[in-house]
Participant: 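So that we are looking at the same thing, I have put the structure below in structure tokens.
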Amino acid sequence: MPGGSGGGGGGHGGGCSISSNSGNQQSSISIVWFRRDLRLEDNPALAAGVRSGDVVAVFIWAPEEEGAYYPGRVSRWWLSQSLHHLDSSLRSLGTPLITKRSLDTASTLIDIVKATGASNLFFNHLYDPLSLVRDHRLKELLIAEGITVRSFNADLLYEPWEVNDENHCPFTTFAPFWNKCLSMPYDPAAPLLPPKRISSGNVSRCPSDTLVFEDESERASNALLARAWSPGWRNADKALMAFVNGPLIEYSVNRKKADSTTTSLLSPHLHFGEVSVRKVFHLVRMKQLVWSNEGNKAGEESVNLFLKSIGLREYSRYFSFNHPCSHERPLLAHLRFFPWVVDESYFKAWRQGRTGYPLVDAGMRELWATGWLHDRIRVVVSSFFVKVLQLPWRWGMKYFWDTLLDADLESDALGWQYISGTLPDGRDFDRIDNPQFEGYKFDPNGEYVRRWLPELARLPTEWIHHPWDAPESVLQAAGIELGSNYPLPIIEIAAAKTRLQEALAEMWQLEAASRAAMENGTEEGLGDSSDVPPIDFPRETEMEIDHERQLELPRINNTTVRRHADQMVPSMTITSSLVRADEEVFVDVDNAAADSRPEVPSTVDFESQPQREVAQAGVQPVANNITPQFTQNRLLNALNSTAESTSTWTEREGGVVPVWSPPAASSRSEHCPDDDDPGIGSNSYLQRHSQSHQMMNWRQLSPSMRSWEVENTVQPNAIG
DNA sequence: CATGTTTTCCG
DNA sequence: GGAAAACAT
């Protein structure tokens with residue numbers, strides 16, 4: 001094995017636990033670095049800080065480090081609210097939250113160390129590719145400064161490296177993974193209680209920066225979010241309790257509904273770590289026990305289903321950890337050859353909810369207006385995106401990232417790969433779901449469509465999910481003129497099916513050609529050139545949106561260079577100006593507000609929706625240089641700073657820490673570190689080519705790691 | 001009640 | 001597309 005391993009400073013646990021200045025553990029000062037674990041309850045890093053003495057609680061805002069994945073507007077709104085909440089609760093226990101604006105997290109942390117005299121740094125693990133690399137590097141830097149660094153699992157039931165199949169290999173499909181999680185020999189760690197009080201480190205020389213999460217143009221839209229959501233860990237806990245004691249029991253019977261009233265609505269809370277997934281798990285399992293004793297079949301079923309969705313979140317981290325480029329490249333190798341349709345007008349129609357398929361359009365408008373979508377509808381719109389429009393899934397993923405309140409890189413990457421059929425257990429590649437049928441399945445009475453597509457509000461249920469079949473007289477009576485008032489289907493499903501067949505044929509052809517080229521040793525030619533280049537998110541995206549919304553939105557002036565693709569959400573005004581009151585299209589807002597559970601606003605003014613094609617050929621020039629490539633380069637640069645081509649594990653106090661070093665830097669710097677990953681073949685490909693199908697990931701690069709695993713069955717979260 | 005037929009459900 | 005479940009005969 002190539003020696004050294006990145007964890008040079010680490011070695012064994014003892015090596016890095018040498019505290020500097022204070023001999024007395026009791027009085028040492030710890031930095032507790034909050035990231036996506038914005039809670040006081042069941043927060044192992046915070047608990048460790050409190051236990052070892054004085055605490056300096058820190059949040060660092062360094063969005064530039066996120067590259068292409070600068071958080072979207074609604075996501076930033078949530079973050080700002082959540083931080084505010086965290087700050088107040090920390091203060092009530094005795095210490096403030098220090099917030100810092102930074103371009104380089106590591107050096108900011110070192111500055112804080114110097115300003116406060118801290119000797120420990122505690123934080124909880126993250127599993128997205130950027131964090132894996134950054135946190136590892138940062139850990140080494142701080143250790144080199146003489147700081148004790150410990151990190152913990154606060155986000156998962158089990159760390160990714162704990163869950164393996166009988167051959168000690170990571171699972172490549174969800175079902176066995178989740179079965180294994182549910183039958184582990186030890187339970188997930190029990191949730192920790194919040195500290196009773198926190199002794200504050202001296203932060204007088206460490207002032208907070210004021211963090212700015214929204215600009216003027218965003219304020220109005222953001223104000224409306226507060227109507228529907230309450231960020232913050234205390235509120236997350238309330239939401240959890242409300243769900244577990246309420247809708248959970250009906251979860252299984254309600255899963256055919258498109259509306260949000262029966263979902264947990266926990267995902268944004270979970271994304272920011274406002275609630276511990278282990279707490280969710282334990283609570284839900286208690287319920288399961290009770291219902292199982294009562295012989296409540298439906299209740300048990302509900303719990304299993306709900307836990308499965310928790311499992312998917314868990315799996316998304318697992319997946320990201322094992323395949324650090326999962327947000328950028330398909331897992332199945334042959335998918336690299338799929339000829340995606342790079343058509344920005346399709347993309348635009350999809351974003352605007354003007355595809356001509358009511359269920360899809362309703363979903364896209366809900367997403368646009370509220371930052372929220374029921375999981376079912378996410379599947380509908382994304383599957384339409386990939387299978388019917390055949391747009392590159394990464395565009396869709398990026399749009400979700402920009403618009404969803406619970407945007408989550410790992411979950412969304414998994415979701416889009418699942419939909420795109422790029423996972424071994426993903427959806428069938430060649431079958432297209434028909435939005436018309438799904439419409440009658442998830443929205444049998446058309447209520448959902450009518451709520452979000454006022455222009456179809458008067459169409460009878462019989463035609464609501466396929467207006468193109470409706471007789472002219474019916475359309476007239478409903479005030480619909482297809483093609484002007486509401487679009488005709490952007491693509492016929494039948495046409496989409498044949499087009500998909502053709503595309504797949506082409507994909508297999510290219511794949512075969514590439515493989516042949518490889519075998520002839522002429523991989524230069526086809527192998528390289530047909531490697532899917534990173535797909536740039538269309539440049540004008542954010543601009544178009546601005547233009548189209550300009551009537552009602554205060555907008556950033558044209559010359560401003562937006563550093564990120566973002567959405568501007570139309571104002572949601574409580575109005576009946578557009579739709580007559582007697583039509584009952586809109587839910588009474590007061591009633592909605594009276595509900596104690598957070599609810600998506602149900603009233604929207606769609607006056608702003610463009611009613612005719614926006615004739616706009618001129619694409620605004622915009623410097624949107626933040627593309628996925630940018631991320632890749634960043635990742636690679638970070639990786640290149642550690643020289644060894646090996647990966648290994650390092651056990652440190654407070655946790656097992658993944659240490660990730662890349663394969664030796666290749667000359668193809670534009671590629672992902674795991675670019676040589678052959679991915680997994682389809683079944684047929686797999687049989688033909690049994691060697692190359694293995695999931696090559698960085699874990700397999702290191703034989704040393706294997707032996708480590710065998711020797712150590714440490715529970716990483718066991719602290720104290 | 002067994003058997004054939006249609007529908008539903010897939011992570 | 002194939003298994004399981006619901007439905008029909």
Participant: Report the nucleotide, chosen from B:dC10, B:dG11, B:dC9, that has the shortest atom-to-atom distance to any side-chain atom of A:D375.
Facilitator: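 So the side chain of A:D375 is nearest to B:dG11.
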Participant: What does A:L423 touch in the nucleic acid at a heavy-atom separation under 4.0 angstrom: a base, only the sugar-phosphate, or nothing?
Facilitator: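 Nothing: the residue A:L423, judged by heavy atoms under 4.0 Å, touches no strand.
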Participant: Please state how far atom CZ in A:F437 lies from atom C1' in B:dT8, giving the value in whole angstrom units.
Facilitator: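 Computing the A:F437:CZ to B:dT8:C1' distance gives 14 Å.
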Participant: Does the separation of the ring centres of A:F337 and A:W508 fall below 6.0 angstrom?
Facilitator: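 No - the distance between ring centres of A:F337 and A:W508 does not fall below the 6.0 Å cut-off.
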Participant: Taking atom P of C:dA5 as reference, at what distance in whole Å does atom NZ of A:K297 sit?
Facilitator: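 So the NZ-P distance, A:K297 to C:dA5, works out to 11 Å.
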Participant: Kindly state whether the ring of A:F171 and the ring of A:W178 have centres lying under 6.0 angstrom apart.
Facilitator: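 When the ring centroids of A:F171 and A:W178 are compared, they turn out to be at least 6.0 Å apart.
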Participant: Between A:D155 and A:R278, is there a salt bridge with N-O shorter than 4.0 Å?
Facilitator: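 No, A:R278 and A:D155 are not salt-bridged.
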Participant: Taking atom C1' of B:dG11 as reference, at what distance in whole Å does atom CD of A:E410 sit?
Facilitator: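 Value for this atom pair: 17 Å.
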Participant: If we require ring centres under 5.5 Å and near-parallel planes under 30°, does A:Y315 stack on B:dG11?
Facilitator: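 No, aromatic ring not over the base.
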Participant: How many Å lie between CZ on A:F171 and P on B:dG11, as a whole number?
Facilitator: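 The answer, rounded to whole Å, is 16 Å.
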Participant: Looking at the side chain of A:D425, which of C:dG1, B:dG11, B:dC9 is the nearest nucleotide?
Facilitator: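 Side chain of A:D425 sits closest to B:dG11.
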Participant: Please find out if less than 6.0 Å separates the ring center of A:F338 from that of A:F429.
Facilitator: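 Between A:F429 and A:F338, which both carry aromatic rings, the centre distance is below 6.0 Å.
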Participant: Counting the atoms with a prime plus P, OP1 and OP2 as sugar-phosphate, which does A:G415 contact under 4.0 Å by heavy atoms, base, sugar-phosphate, or nothing?
Facilitator: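 Base, at least one base heavy atom under 4.0 Å.
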Participant: If I take atom CH2 in residue A:W178 and atom C1' in nucleotide B:dG11, what distance separates them, rounded to the nearest angstrom?
Facilitator: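 Taking atom C1' of B:dG11 as the reference, CH2 of A:W178 is at 13 Å.
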Participant: From the options B:dG11, C:dG1, B:dC9, select the nucleotide whose nearest atom is closest to the side chain of A:R431.
Facilitator: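 Of the candidates, C:dG1 comes closest.
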Participant: Which nucleotide wins on minimum distance to the side chain of A:Y418, given the candidates B:dG11, B:dC9, C:dG1?
Facilitator: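 For the A:Y418 side chain, the nearest candidate turns out to be B:dG11.
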Participant: Out of curiosity, A:E274 CD to A:W78 CH2, how far, rounded to the nearest 0.5 Å?
Facilitator: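 These two atoms lie 5.5 Å from each other.
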Participant: Would you mind reading off the distance between A:K441 atom NZ and B:dC10 atom P, rounded to a whole angstrom?
Facilitator: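 The distance from NZ of A:K441 to P of B:dC10 comes to 9 Å, rounded to the nearest Å.
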Participant: Could you please name the option among B:dC9, C:dG1, B:dG11 that lies closest to any side-chain atom of A:D428?
Facilitator: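 My answer, after comparing the listed nucleotides, is C:dG1.
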Participant: What's the OH-C1' distance between A:Y440 and B:dT7, to the nearest Å?
Facilitator: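 Taking OH of A:Y440 and C1' of B:dT7, I get 19 Å after rounding.
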Participant: Answer with base, sugar-phosphate or nothing: what part of the nucleic acid does A:D433 contact at a heavy-atom distance below 4.0 Å?
Facilitator: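 A:D433: no heavy atom of the nucleic acid under 4.0 Å.
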Participant: For A:R427 and C:dG2, give me the distance from atom CZ to atom C1', rounded to whole Å.
Facilitator: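 Checked: the CZ to C1' distance equals 15 Å.
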